[in-house]
There are 2 protein chains.
Amino acid sequence: MLNEEKTALSHECEDCPIRHRAVCARCETDELERLEEIKYYRNFEAGQTIIWSGDRMDFVGSVVSGIATLTQTMEDGRTQMVGLLLPSDFVGRPGRDGSPYDVVATTDVVMCCFRKRPFEDMMSTTPHIAHRLLEMTLDELDAAREWMLVLGRKTAREKIASLLSIIARRDASLNLRPTQGALVFDLPLTREAMADYLGLTLETVSRQISALKRDGVIELEGKRHVTVPDFSRLLDEAGDDSDGGMLV
Amino acid sequence: MLNEEKTALSHECEDCPIRHRAVCARCETDELERLEEIKYYRNFEAGQTIIWSGDRMDFVGSVVSGIATLTQTMEDGRTQMVGLLLPSDFVGRPGRDGSPYDVVATTDVVMCCFRKRPFEDMMSTTPHIAHRLLEMTLDELDAAREWMLVLGRKTAREKIASLLSIIARRDASLNLRPTQGALVFDLPLTREAMADYLGLTLETVSRQISALKRDGVIELEGKRHVTVPDFSRLLDEAGDDSDGGMLV
DNA sequence: TCGCGCGCTTGATCTGGGTCAATGAAACCC
DNA sequence: GGGTTTCATTGACCCAGATCAAGCGCGCGA
């Protein structure tokens, strides 16, 4: 249901090859022109840190292609991923001058950026951008809280199934392919990154993926290419009470 | 540091006996008058559910006194608390018509409410309210993500220490008392509620509290009255890397 | 072509926290 | 004052997932 809303509000910019949800929803031509002037692209290599936790951040932007992660790390090295940035996701917080998290590219990443000051100026003169950002932030808050349930109360198997269903769902909504029959996608994360997302060790992730494969919930081709023959079965394994929204 | 900001921006309404952070920060007299017209109070008893997950919600508001919790529950009864509402915290999401969580009063609660439609109208004509809400939502998002680290990577002992330090901090900033020497506060939650917040069982919560007491990190008078002789020691137990902001 | 490294899998063992169960101790209400 | 309810503590035992360790397979650079 969240995804439907997002899709309905998104907008393909001609110059920005991907919907930049923050600014393009309901945007007008003169606003787009003003955005042109302050827009630029940045490229990052796989493994590169886009923003260091605590660093000053002079831009906002969104992911055009590739995958990035938000992570928090304790002094002793324990790390927890707190967000996954897929194409069209927004990065940066107007009104704040730093990021409390490390933002790391897990694949090669292209970002469409706006310098922060002009973007904030534009925000204050264009009310719908502030509203859109509020909406998006509420979406992120919902996602974060749903993840708290995953982290706090689900078993390892349920955690893996939850992650797979989220990735499958996002991938499907991104590619807008008809979602009947099997879902097929590539895992954008290493086993270790999945472990950091789920609060597990990489060994447990590996074992549970093997178990889901053995039980026919998923099929694996190589280490990353996943086929989900029955999505509702996967949701069931995840302990989710709903039908998954998207498939309605 | 977050708390300092909040305090700086908050504003005591004469009629609303507590700072209503969403609307009172930087508000002007004519705005306050318009708010008067749509404001009303609601009382809830301890244990009462304020909003059921999925229910239509026709108001927004903030807690004046008492404590409420946001919780998610799976069909089999496992529950995870995803937020704690203390006095001055905001409830409701402009632009959304329902809550994805149960909101439950854990003590008697008084809320200061605004009917949603007029509030949203006011929001669209008063830009600073939208900005303030965005700021507050970003704060909540930060808190949720910090909590993801607690849930995913901390040990039971660290989890308890984290919760105690958060409550101590919020309590101190609420009561604005000089924070030198020992911190003293009452736990607003049962052991079970703490367990639901921390992704533990109530037995483990009890055991770890006993352990912290035995080790001199906290002192207990009865079951709820806590004294923290050395706050930085508590933060250390929580695995937090900082000094706690407030104490600077 | 080899070997090296990285990502991944699998096995063996250990342990933190869950589960089950008994008991304590306030508060409250006839 | 005694019974009931609710909340909390403590003990004994168990198990899911962590930890430690070995090995596999594939891509890549020399």
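As the structure is a computational prediction, the values presented were derived from the model and not from experiment. So that the names make sense, note that chain A is the first sequence line, chain B the second, and so on, each numbered from 1.
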Item to check | A:Ala156 side chain, from C-beta outward: closest of C:dG17, D:dG17, C:dT9 | outcome: D:dG17

Checklist entry - Which listed nucleotide (C:dT9, C:dT19, D:dG17) is nearest to the side chain of A:Ser206? => result C:dT9

Item to check | Check ion pair A:Asp139-B:Arg93 (N to O, under 4.0 angstrom) | outcome: no

Item to check | Lys/Arg-Asp/Glu bridge criterion (N-O < 4.0 Å) met for B:Glu237, B:Arg233 | outcome: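 Salt bridge between B:Glu237 and B:Arg233, a charged N being under 4.0 Å from a carboxylate O: yes.
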
Side-chain N or O of [X] versus OP1/OP2 of [N]: is the shortest distance under 4.0 Å?
X: A:Ser210; N: C:dT10; result: yes
X: A:Thr204; N: D:dA18; result: yes
X: B:Arg207; N: C:dG18; result: no
X: A:Thr201; N: D:dA18; result: yes

Next on the checklist: Test side-chain hydrogen bond (donor to acceptor under 3.5 Å, both in side chains) on B:Thr204 and B:Thr201; report intermediate values, then the result.
Outcome noted: CA-CA 5 Å; B:Thr204 298; B:Thr201 59; 3.1 Å; yes

Checklist entry - Rounded to the nearest 0.5 Å, how far apart are OG1 of A:Thr69 and CG of A:Leu189? => result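 Result: 8.0 Å between the selected atoms.
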
Checklist entry - Is B:Glu192 side chain donor-acceptor paired with the D:dC7 base, going by distance under 3.5 Å alone? => result no

If I take atom [atom1] in residue [X] and atom [atom2] in nucleotide [N], what distance separates them, rounded to the nearest angstrom?
X: A:Arg78; N: D:dA18; atom1: CZ; atom2: P; answer: 13 Å
X: B:Arg191; N: D:dT9; atom1: CZ; atom2: C1'; answer: 9 Å
X: B:Ile209; N: C:dG17; atom1: CD1; atom2: C1'; answer: 15 Å
X: A:Leu151; N: C:dG17; atom1: CG; atom2: P; answer: 15 Å
X: B:Lys223; N: D:dT9; atom1: NZ; atom2: C1'; answer: 7 Å

Under 4.0 Å, heavy atoms only, any strand: does [X] hit a base, just the sugar-phosphate, or nothing?
X: A:Leu202; result: base
X: B:Gly47; result: nothing
X: B:Thr190; result: sugar-phosphate
X: A:Arg157; result: nothing

Item to check | A:Val205 vs B:Gly222, nearer the 5' end of DNA chain D by closest nucleotide | outcome: B:Gly222

Next on the checklist: Is it the case that over 12 heavy atoms from other parts of the model lie below 6.0 angstrom from the CD atom of B:Glu221?
Outcome noted: no

